[in-house]
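Because the structure is a prediction, the values reported are computed rather than measured.
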Amino acid sequence: MAIPVVYNVRSVVQRWSSAIVAVLGVAGTVGVFVAMLALAQGFQATLIASGSPGNAIVRRAGADSEMVSAIALEEMRTIEDAAGVARDARGPLASGEVVVIAAFPLARTDTEANVQVRGVSPRVLDVRSNVRITAGRFFQPGLAELILGSNAIKSYEGFVLGGTVRFGGGTWKVVGVFDAGGSAFDSEVWCDANVLNEIYKRPTNIFQSVTVRLESPSALARFKDALTSDPRLSVQVDRETDYYRAQSRTLTDLIRVLGFLIALVMGVGAVFAALNTMYSAVAERSREIATMRALGFGSGAVVSSFIVESLFIALIGGVLGCLAVLPMNGFTTGTINWQTFSHLAFAFRITPGLLLRGLGFALLMGLVGGVPPAVRAVRRPVAVALRGL
Amino acid sequence: MVRIDGKGNGTALVRVRNLDKKYVRGTEEIHVLQGLNLDVDAGDFVAFMGPSGSGKTTLLNLLGGLDLPTSGSITVAGDEITKLSAGSLTSWRARHVGFIFQLYNLIPVLTAFQNVELPLLLTKLSKAERRKHVETALAVVGLTDRMGHFPRQLSGGQEQRVAIARAFVADPTFLLCDEPTGDLDRKNADEIMEIIDRLVREHGKTVLMVSHDPRAAERARFVLHLDKGVLMEAAKAGAGT
Ligand SMILES: Nc1ncnc2c1ncn2[C@@H]1O[C@H](COP(=O)(O)OP(=O)(O)O)[C@@H](O)[C@H]1O
Ligand SMILES: [Mg+2]
């Protein structure tokens, strides 16, 4: 049987001041690690929520994002009529869209941020069933009217229902507010695509993307085949969720890599703190260790006992680190969407899985910091250690 | 019966032959034990005396399997421990040796009960059986009412009594005591010696003890002197046989 864990727990508690640096080091590292991953997770979740598995987005072939794509009206008609597109009494469920970026002053600071203004088709709410009007009404086709995403209306100076907003050389009336379930659309401003083209003096009847509602999520292949085999079209088709996942990838990867790097650097520091704590524990308790070994506890029992002690210290740090960042869960922040350079609001998302990864990381630091001192604990000859030499 | 001439007939519990121990410290070589012989029967109580630095602790450490001799052999209850690997020596200690140290060597963060229980964790006893053994051992040393105390809450004499309970709780083949009263006042020393004496007389334990203290050594049935690396019989040797 092993050396009882109570031996390690009490030893740590009694010498808590020597463990405090290691505990705080691990706590800080785990806190940063979890916070960065929560940031990446929140950002990704926000973008992915924008898409629906039952929708497909069509862009010009080779266009990485809708910003650099163009689809003419005739092409849009072909797309709408393709196999796999859902339709109702009023026709196919499709929304031809254009996107422009406009700068507005942020409410919190005095700086301006880019807002993604999306011109949509009148049928957009039927295509995107996750979006609904929560105040006011939908815009009237042909009029310079805006509906604001629920994060956009909170974030910018002068965004009020019933008010007017000037941008792109036009004056717009705010007629409604929509909720898009915490997705990226919540940070957008929507209006009639044709009006947007007109005011921005763009060629009319050109869209950047077409989003269609599929008959069912499984209809994607049929839809895709229909479009890619049509010689009149040169487009690429993606499931909407895949499109937004890809859109989120650059930034989430960046945040994650950055998070791992920072955590790694801090982790090295925390490991050294743990090593220091454990080496001094081993040195101070050399006679206790020798006594245990004299009683017949083997070197394996001693090594695992000190590793357990190091893991225990690291676990305290890990739990503290997790508790420290937990209040950030749901905290909304904003960042630049790197594909469109527009402002995007999203929330930190701390999931149980993330916390477990944080604790796992803490234990890893405890292990790395615990093994060398534990091995040293059994390197001293028992007879020598008992003499207290 | 105790012999130091190396001519024991093989029935002895502990048999030491031509034991040599040299320490090397820098360029200096210290020849501490020089061809030492010893036979101790089961149930004997032997005291080793000798000036500081004469090698008493070295001898005890070798007998307890804490250190290896430069040459020579030690056989305990048929096991030639000087031939065991480090790993088997560790489990041999758990089964056969009860150590009592001058400075008690209790684990400070464990209670008296938990300290005494430690050797039993290396046996197959159940938790309930362990509890029974620990309680019995603590009763023998008169500390039933101190089971939940930590070492710092005990007096030196009480600490040594806990250490004695820890030494015999797993019923080892022999007890090795290195100056068990060296850090205690007269009264506590007498109490400790009384307990060790009782372990020999009433419980049939075999005890090998190192002591400076003539009053402590007086309790032993045999007193041997360690001098220039070998054992010599003291004036009292043979008394009580
Ligand atoms: N590990 C060691 N390395 C070198 N010399 C040692 C070591 N252990 C003990 N000695 C020396 O061996 C001699 C005997 O020591 P020891 O057995 O402790 O004697 P005693 O217990 O009789 O006082 C002393 O001179 C001591 O300094
Ligand atoms: Mg000594």
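Among Ala290(A), Pro4(A), Ala294(A), the residue making the largest number of heavy-atom pairs under 4.5 Å with chain B is Ala294(A). Taking chain A as the reference chain and counting heavy-atom pairs below 4.5 Å, the highest number among Asn105(B), Val97(B), Leu106(B), Leu120(B) is found for Asn105(B).
Heavy-atom distances place both the backbone and the side chain of Glu288(A) under 4.5 Å from chain B. There is no contact between Glu117(B) and chain A, counting heavy-atom distances below 4.5 Å. When heavy atoms are compared at a cutoff of 4.5 Å, Leu103(B) approaches chain A by way of both its backbone and its side chain.
Taking every heavy atom of both residues into account, Ser11(A) and Val109(B) meet most closely at OG-CG2, 3.6 Å. Here the shortest heavy-atom pairing between Leu121(B) and Ala2(A) reads CD1-O, 4.2 Å. Among all heavy-atom pairs drawn from Ala94(B) and Gly296(A), the shortest one is CB-CA, 3.8 Å.
For Arg376(A), the CZ atom counts as loosely surrounded, since its 6.0 Å shell holds 12 or fewer non-hydrogen atoms of other residues, nucleotides or ligands. More than 12 heavy atoms of other shown residues, nucleotides or ligands fall within 6.0 angstrom of atom OH in Tyr279(A). Shown here is His133(B), whose NE2 atom has no more than 12 heavy atoms of other residues, nucleotides or ligands within 6.0 Å.
Listed by first then second residue, pairs satisfying salt bridge (charged side-chain N to carboxylate O under 4.0 Å, His left out) with a partner in residues 13-36 of chain A read Arg15(A)-Glu284(A), not counting sequence neighbours.
Side-chain contact between Arg166(B) and Thr291(A) is present, with heavy atoms from C-beta onward closer than 4.5 Å. Residues Leu295(A) and Phe99(B) form no side-chain contact, since every pair of their non-hydrogen atoms from C-beta on lies 4.5 Å or further apart. Taking 4.5 Å as the limit, every side-chain heavy atom of Arg10(A) sits out of range of all side-chain heavy atoms of Ile107(B).
Looking only at distances, a side-chain donor or acceptor of Arg93(B) sits under 3.5 Å from a matching main-chain atom of Arg293(A).
Here Phe297(A) contributes atom CZ and Leu122(B) contributes atom CG; the two are 4.0 Å apart, rounded to the nearest 0.5 Å. From Leu386(A), atom CG reaches atom CG of Asn61(B) across 6.5 Å, with rounding to the nearest 0.5 Å.
Residues of residues 140-155 of chain B lying under 4.5 angstrom from chain A, judged on non-hydrogen atoms, are Phe150(B), Arg152(B) by number.
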